[in-house]
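Reading through the structure tokens given below for one structure.
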Amino acid sequence: MLKARILTAIVMLAVLSLALGVFPAPTWIMFVALIAALAGWEWGGLAKWSSTPRVAYGALLGALVALIAAGGGLWAPPVHPAVLLPLLLVSAGFWLTCAFPWLLRRWPLGQGLPAVLVGAIVVVPTGVAMIYLRHVDVALLLAAMAVVWIADIAAYFSGRAFGRRKLAPAISPGKSWEGVIGAIVAVELYGLVLSRYAGIELSAQTVLLGAVALAVLTAISVIGDLFESLLKRQAGIKDSSGLLPGHGGILDRIDSLTSTLPMVACLVLLLAD
């Protein structure tokens, strides 16, 4: 399993590096749309749909990502914020207002319309955000993704070293409050280093606003992780699929990104408008 995990990680890194560095905008859009389609197919597994609805739903979500990106000017500029912003705001609204109560009450996903709508809210804005942030700057997309990666790594090691109080034992027994604190500290340090590297002038107000934003973003990334863990537990499965040997499925790799990337893209789009 470790060998498969390492080999898969190398392949994923190589493919992502190639896509980010070489693909022109239309090819990048279709690449992300494919990822969204596979994630949609996996979502159908969480909802316990049969094979045909899962394939159809995945194709629908992939097509929506491509169509919204094209309609928003990401295929051929100029960018149209009026097309992109409502979708990103819906995503931000879901993660800020609905996801936490969902975790507290452990609502079932079901197989009907709620599963269809929530899946679209989770997957489609994530794909559009990936396309938009890369359109703005590849470094911006990587910096946003790094927040999640650093938070995950720091949470794992600080949880292993200091974890005593369980965060959500009924959903993900391995996570602890100490792990969350470690993640926030690591992300704050990352923010300071990144701001220095980018040459951003750090006033007291800038530091405070940045610290709050990064803490919120880290907390939202944890909620995204827990949300998928809850749905997998309710569906009685360990991984969203076996598409990535040693890593599970697409949703297992982007669970925290689904809650964070649309929020970052929304903020960037608002500031740019």
Side-chain angles (χ1 to χ4, degrees), residues 36 39-40 42-43 46-47 57 61 64-65 68 72 81-130 132-133 144-145 147-148 151-152 155 166-172 175 177 179-181 183-184 187-188 191 208-235 240 251-252 254-273:
E42 291 178 350
W43 185 270
L46 297 178
Y57 186 67
L61 295 194
L64 283 174
V65 168
I68 293 171
V83 175
L84 303 176
L85 190 56
L87 177 72
L88 299 174
L89 287 173
V90 167
S91 173
F94 172 80
W95 291 110
L96 288 172
T97 64
C98 299
F100 188 64
W102 193 310
L103 291 173
L104 284 179
R105 301 182 185 184
R106 282 179 266 168
W107 293 326
L109 181 62
Q111 296 181 303
L113 185 59
V116 174
L117 294 176
V118 174
I121 291 172
V122 169
V123 174
V124 175
T126 306
V128 173
M130 288 178 67
Y132 172 68
L133 291 173
M145 296 173 78
V147 170
V148 171
D152 284 347
K166 297 298 183 181
L167 177 64
I171 299 174
S172 184
K175 291 181 174 57
W177 282 104
V180 174
I181 293 170
I184 292 174
V187 169
E188 297 289 359
L208 179 60
L209 289 174
V212 171
L214 288 174
V216 171
L217 203 60
T218 304
I220 292 296
S221 77
V222 174
I223 289 176
D225 188 346
L226 287 174
F227 186 71
E228 200 223 346
S229 296
L230 172 64
L231 299 186
K232 287 191 296 184
R233 184 171 288 272
Q234 291 175 338
S240 58
L251 287 174
D252 296 320
I254 67 169
D255 50 7
S256 297
L257 295 174
T258 60
S259 58
T260 53
L261 286 187
M263 207 162 295
V264 173
C266 185
L267 180 60
V268 171
L269 192 57
L270 286 171
L271 292 175
D273 192 16

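Computed over heavy atoms, backbone and side chain alike; hydrogens, waters and symmetry mates excluded.
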Would you check if Leu84 and Ile68 make a side-chain contact, meaning some heavy-atom pair closer than 4.5 Å? yes
What distance separates Asp255 CG from Asp152 CG, expressed to the nearest 0.5 Å? 7.0 Å
Side chain to side chain, Leu226 and Leu230, heavy atoms closer than 4.5 Å: no
Nearest non-hydrogen partners of Leu261 and Ala144, listed with the distance: CD2-CB, 3.8 Å
Reported CG-to-CG distance for the pair Leu117 and Leu113, which is rounded to 0.5 angstrom: 4.0 Å
With side chains defined as the heavy atoms from C-beta onward, is the minimum distance between Leu46 and Leu251 less than 4.5 Å? yes
Would you find a donor on one side and an acceptor on the other, under 3.5 Å apart, between the side chain of Trp43 and the backbone of Ala115? yes
Does the pair Leu271 and Leu267 meet the rule for a side chain to side chain contact (heavy atoms under 4.5 Å, CB included), with working shown? CA-CA 6 Å; Leu271 292 175; Leu267 180 60; 4.1 Å; yes
Using side-chain heavy atoms (C-beta onward) and a distance below 4.5 Å, is Lys175 in contact with Asp225? yes
Taking the side chain as everything from C-beta on, heavy atoms only, tell me whether Leu217 gets closer than 4.5 Å to Val187. no
Could you please spell out the steps behind the side chain to side chain contact (heavy atoms under 4.5 Å, CB included) verdict for Thr260 and Val147? CA-CA 9 Å; Thr260 53; Val147 170; 6.0 Å; no
Between Phe227 and the options Trp107, Phe100, Phe94, the ring pair (Phe, Tyr, Trp, His ring centres under 6.0 Å) test singles out Phe94
Least distance between heavy atoms, Ala36 atom then Val123 atom: O-CG1, 3.6 Å
How close do Gly40 and Leu61 get, counting heavy atoms only, and between which atoms? CA-CD1, 3.8 Å
In Å and rounded to the nearest 0.5 Å, what is the CD1 to OG distance from Ile254 to Ser259? 10.5 Å
Would you say the side chain of Lys232 lies within less than 4.5 Å of the side chain of Asp252, judging by non-hydrogen atoms? yes
Under 3.5 Å: donor-acceptor pair, side chain of Thr126, backbone of Val122: yes
To the nearest 0.5 Å, what is the distance between CG on Leu257 and CE on Met263? 12.5 Å
Output yes when a side-chain donor or acceptor of Gln234 lies under 3.5 Å from a complementary backbone atom of Arg106, and no otherwise. yes
Indicate yes or no for a side-chain donor-acceptor contact from Thr218 to the backbone of Ile184 under 3.5 Å, with no hydrogens or angles considered. no
Could you tell me if the side chain of Leu109 sits less than 4.5 Å from the side chain of Trp102, heavy atoms only? yes
Side chain proximity check, Pro262 to Val128, heavy atoms < 4.5 angstrom: no
Indicate yes or no for a side-chain donor-acceptor contact from Tyr57 to the backbone of Ala120 under 3.5 Å, with no hydrogens or angles considered. yes
Just wondering, more than 12 heavy atoms not from Trp177 lying within 6.0 Å of its CH2? no
Nearest-0.5 Å distance that lies between atom CD1 in Ile171 and atom CG in Leu231: 9.5 Å
Distance-only, no hydrogens or angles: does the Glu42 side chain make a donor-acceptor pair with backbone N or O of Ser240 under 3.5 Å? no
Evaluation steps, side chain to side chain contact (heavy atoms under 4.5 Å, CB included), between Ser256 and Val222: CA-CA 6 Å; Ser256 297; Val222 174; over 6 Å; no
Gly191 to Leu214 - nearest heavy-atom pair and separation: CA-CD1, 3.7 Å
Looking only at heavy atoms, what is the nearest atom pair of Ala265 and Leu133, with distance? CA-CD2, 3.9 Å
Mind running side chain to side chain contact (heavy atoms under 4.5 Å, CB included) on Ile220 and Leu96 for me, showing each step along the way? CA-CA 8 Å; Ile220 292 296; Leu96 288 172; 3.8 Å; yes
